[in-house]
Amino acid sequence: QANQEQDPDQETLGIVLEAWQRNFGGDYKFANEVMAVLKTGYLCEESVAGQLSEAISELCGKAALTTCSLGKTLGYRAGRVVNGKRFVSDVDRSTKIKKWAVENVQC
């Protein structure tokens, strides 16, 4: 817990998890579906999609935000619990592509 408090990504990841859940609920989404929402989020920064877009861009750092970089960013942070939430993945049986969701974690 002490290490998490010193982690600069923790606050940003918490914002991403919250905004993701407000946008998508508990539904699993492919990275390309999320990218489509992020593109519309730039139109209105006050929207939940805008908050998600801004926070994900911050998590990705200097790398260009693409479907691939989004998937890698989520994979790197999968399972990490912040504010009782975490990213989880599942592989679509037909496409063999990962999809992502936020789940609530009971402590």
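What you see is a predicted model; the values in this text were computed from it and never measured.
Hydrophobic clustering keeps Ile15 apart from Val102 (ILVMFWY residues linked when any side-chain heavy atoms are closer than 4.5 Å, directly or through intermediates).
Residues passing the side chain to side chain contact (heavy atoms under 4.5 Å, CB included) test with Leu74 are Trp20, Leu70, Phe87, Trp100, sequence neighbours excluded. For Asp27, the side chain to side chain contact (heavy atoms under 4.5 Å, CB included) criterion is met by Lys29, not counting sequence neighbours. Residues satisfying the side chain to side chain contact (heavy atoms under 4.5 Å, CB included) test with Lys72, not counting sequence neighbours, are Cys68. Remark: Tyr28 engages Val88, Asp90, Lys99, Ala101 in a side chain to side chain contact (heavy atoms under 4.5 Å, CB included) (not counting sequence neighbours). Not a single side-chain hydrogen bond (donor to acceptor under 3.5 Å, both in side chains) links Asn32 to another residue, sequence neighbours left out.
Here the CD-CG distance, from Glu18 to Leu52, works out to 11.0 Å after rounding to the nearest 0.5 Å.
By the 4.5 Å heavy-atom criterion applied to side chains, Val34 and Phe24 are counted as neighbours. Gln21 has its side chain within reach of Asn104: a pair of non-hydrogen atoms, C-beta onward, lies under 4.5 Å apart.
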Ile56 and Leu65: CA distance, side-chain angles, deciding distance, side-chain contact (heavy atoms from CB on, under 4.5 Å) verdict: CA-CA 8 Å; Ile56 285 179; Leu65 185 56; 3.8 Å; yes

Step-by-step side-chain contact (heavy atoms from CB on, under 4.5 Å) determination, Asn83 to Leu17: CA-CA 9 Å; Asn83 300 329; Leu17 290 164; over 6 Å; no

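Contact record, Cys60 with Ser69: SG-O, 4.2 Å, taken as the closest heavy-atom pair. Counting all heavy atoms, side chain and backbone alike, Lys98 lies closest to Val91 at CG-CG2, 4.0 Å. Here the shortest heavy-atom pairing between Gly14 and Val82 reads CA-CG1, 3.7 Å. Looking at every heavy atom in both residues, Arg86 comes nearest to Arg80 through CB-O, 3.4 Å. Closest heavy-atom contact between Val16 and Ala55: CG2-CB, 3.3 Å.
Under the 4.5 angstrom side-chain criterion for Ile, Leu, Val, Met, Phe, Trp and Tyr, the cluster partners of Phe30 are Ile97.
Glu103 CD: more than 12 foreign heavy atoms inside a 6.0 Å radius.
Under the 4.0 Å criterion applied to side-chain N and carboxylate O atoms, Asp9 and Arg77 are assigned as salt-bridge partners.
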